[in-house]
Amino acid sequence: MTILLLLIPAALAIGGLGLAAFFWALRHGQFEDPQGNAARILMDDE
Amino acid sequence: MTALRKPAPALDRTVLTVPSMHCAGCMSKIERGLSAQPGIASARVNLSARTVTVEHDPAIEARELVRRLADLGYEAQARREELAPRLSAATPLLAPLAVAGFAAMNVMLLSVSVWAGADGSTRDLFHWISAGIGVPAIAYAGRPFFKSAWNAVRHGRTNMDVPISLGVLIATGLSLYETMRHGQHAWFDGALMLLTFLLIGRVLDAMMRDRTRAGVDALLSQAAQGAMIVGPNGGVSWVEAGKLAIGMIMRIAAGERLAADGEIVSGRSRFDQSLLTGESAPITLHRGDQALAGTLNLEAPVDVRVSHAGHDTTLAEIARLMEASTQNRSRYVRIADRAARLYAPAVHTLAALTVVAWLIAGAGLYQALVTGVAVLIITCPCALGLAVPVAQVVASGALMRAGIMVKDGSALERLATVDRALLDKTGTLTMGKPLPDPTTLRWLTQDEAAVAVALASYSRHPLSRALAAALAGSDIAAAPLTEVAERAGEGVFGHWFGLEVSLSRPQSGGATMAVALAIEGRPVRLIPFSDRLRPDSAAALTQLGQMGIESSILSGDRAAAVGEIAIATGLTAQANARPADKEALVSRLRASGRKVLMVGDGLNDGPALAAADASMAPGSASDVGLQAADFVFVQDSLVALPRAVRAARRTMAVVRQNFALAIGYNVLAVPLAMAGMVTPLVAAVAMSLSSLIVVANSLRLARAA
């Protein structure tokens, strides 16, 4: 059962990392122009 | 450029709307084209909002940017202040949803181990970890519900959020207590799952409203309203509508709308007042006549001296009437809240009765309370909370694909009950703009049509544009022209292989509107223009009748013009109605118990649109019409009307089924809870199952429109 002491924090940390990433994306305007971002990958820059 | 980069004055930021850009090519063309120009530091396109944000030298005016974009091949307009993007409704809910989802998944994993048989110190550990994740998550993710519930309770009302908040809070409190007592059951998973499901419903609902608002904003005329003002020395400059002052002289080109009321001081032209008064026939005004703000100049440039500006115009008067009539509608109580009025007292009484019954039966206070709380948790309206929003979101999505935009969910509820329709004539039953006679166009030879398209394309005149649009559909290549010139008030003149050609005002100015197409050496072709009924209007009105909705025409136009349309559609009609008359008729019908649908487009329909139980406007409507209406349909066809009503009725049928399903679930689950047989496992299964059934039932609406 001692493995739980390792696994539970590990699982929570990984989940928390995802949550933090999502919050970062929300704060930094990553969802402001979904259509434009989809189109931007097609632009060949100079 | 280097001069600009000095510590120099801060750059100005201007947002322009560019409705015609739609692809990666457009984006790079605009961004690179603009940033390469002197005085412009950067340009960034937002394709979702169809805008470009330009940082530039303050010396460059917005109109100059519009001109530069026109050189790049894009029609653009500086965005009006009041249209700056308002806060999205969905974004503030995303973070709570993410937290609730994350916490629910982790706690559920721990709960599964507990259900699988973990006991003793392991179970305690799992409960404590669940509490550590669950309590802060519930406090954060539950705020939208707690806030709304608190607001309702404080004002002595109740809504769906009251039983939700009570259920969640009590479940959390009981679980904490159980965890501290090393108890067997903790309900953190149930509370979090409930919040996640409900937040999904809310986010979907908010996204639907965001999407519709974006669609309606795109239709609003985004141009900064204003006028070219003639200065004392003859020079002209652009002045915004808000800064127009009495006595200024506006120069109004053909095809422009007046920004303020005024008196014509030079020139004569015909004006289209249909948005303002509903009158379809353009009126001729000359020197000394009064022209109203919002009317469209059809023929020749005129100079107008401003007599009223800002809050004194006829426009502002209509706006005041509208404000007064919107209050009727805010009294509408949504179906979910009506259900909550019955539901909340019922479940709270049941829970109280359970406690009393167990006490009478001789159980201890603790056991009686736990059973009562279990009743509250199991009746927490997960499925009820989803029953309405999910059905409305799915139906709005279907309507959106069919070209009908729904402003909010309550509009669908109100439209479903409608049994009386009032239709405006100009612009609603009819197209609201002069269109070339199709028979005449069919008789034009290939050459004539090619010349007509070419000539029309040189002019911004409303008739030219209507002609170009009508001929563009029939794949005719424009003829090559030389020496083309547009003479204001007369027409477009040019040469075609050495022959003189022209598209001009006919010599004999009859009562009907027409243009003359002249090609040297051939007979002159006269193309008459008139307003026409929308396509499928007969079918649409028949369908409305079959649905038990009585329709009639309510127009501000003259009796003769209304009579013509009344005969063509077979409806009864009221003519010469002023904005206040329209609103009064709507109120009278509502007072006699009818549920009224108002369909209109003009400024003069605004008060009636706001007063009616439900309202619709075509996409071509005035800004006032678009903002006042609950529904906006973008295609020409009038079939959108019966289609929207049918979809609304089907949505309400599904909502009622969802309520029946949710209540059916309660009928099964509540006796179990009252008997004290509900464990967190049972609650979790029952909650998800009932939610899934309700969502699945709502998805049937995907083809509702």
Side-chain angles (χ1 to χ4, degrees), chain A, chain B residues 18 21-32 35-36 44-53 85 88 90-110 113 118-123 125-126 128-130 132-133 136-137 140-141 207 210-211 214:
Chain A
M1 275 303 182
T2 43
I3 191 70
L4 283 178
L5 294 177
L6 189 67
L7 283 182
I8 291 175
L12 287 179
I14 293 170
L17 217 61
L19 191 65
F22 180 70
F23 268 83
W24 175 87
L26 266 186
R27 293 254 162 81
H28 288 77
Q30 297 291 315
F31 298 101
E32 254 159 42
D33 183 15
Q35 269 187 55
N37 294 334
R40 257 174 223 286
I41 57 164
L42 299 172
M43 289 165 59
D44 26 42
D45 277 331
E46 52 266 30
Chain B
V18 189
M21 68 183 170
H22 55 86
C23 64
C26 311
M27 285 171 76
S28 62
K29 201 171 156 197
I30 289 176
E31 288 189 349
R32 273 187 226 158
S35 359
R44 175 87 186 177
V45 167
N46 184 328
L47 194 61
S48 312
R50 300 274 193 275
T51 58
V52 49
T53 307
S88 148
T91 323
L93 290 173
L94 284 180
L97 174 60
V99 169
F102 162 80
M105 277 189 286
N106 282 292
V107 171
M108 188 56 77
L109 270 179
L110 296 167
S113 330
D119 55 4
S121 59
T122 317
R123 191 177 65 200
L125 173 70
F126 283 179
W128 275 113
I129 297 175
S130 300
I133 303 170
Y140 178 72
M207 280 166 125
D210 282 354
R211 212 172 32 176

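Every chain is numbered from 1, with letters handed out A, B, ... down the list of sequences.
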Going by residue number, which parts of residues 18-27 of chain A are within reach of chain B, meaning a heavy-atom gap below 4.5 Å?
-> A:Leu19, A:Phe22, A:Phe23, A:Leu26
Bottom line for B:Asn46: the part with an atom under 4.5 Å from chain A's heavy atoms is both
If one checks every heavy atom of B:Ile133 against chain A at 4.5 Å, the contacting part turns out to be side chain
Any side-chain heavy-atom pair of A:Arg40 and B:Val45 under 4.5 Å = yes
Interface check, chain A: of B:Leu125, B:Leu94, B:Leu110, most non-hydrogen pairs under 4.5 Å belong to B:Leu94
Crowded around B:Met108 CE? As in, over 12 foreign heavy atoms under 6.0 Å?
-> yes
With A:Leu42, which residues qualify under side chain to side chain contact (heavy atoms under 4.5 Å, CB included), at least two apart?
-> B:Ala24
Please list, chain by chain and in numerical order, all residues satisfying side chain to side chain contact (heavy atoms under 4.5 Å, CB included) with B:Thr53, sequence neighbours excluded.
-> B:Arg13, B:Val15
With a 4.5 angstrom heavy-atom cut-off, which part of A:Leu12 approaches chain B: side chain, backbone, both or neither?
-> both
Selection residues 5-22 of chain A - residue pairs positive for side chain to side chain donor-acceptor pair (under 3.5 Å), sequence neighbours left out = none
Shortest non-hydrogen separation from B:Met27 to A:Gly36 and the atoms involved = CE-O, 3.7 Å
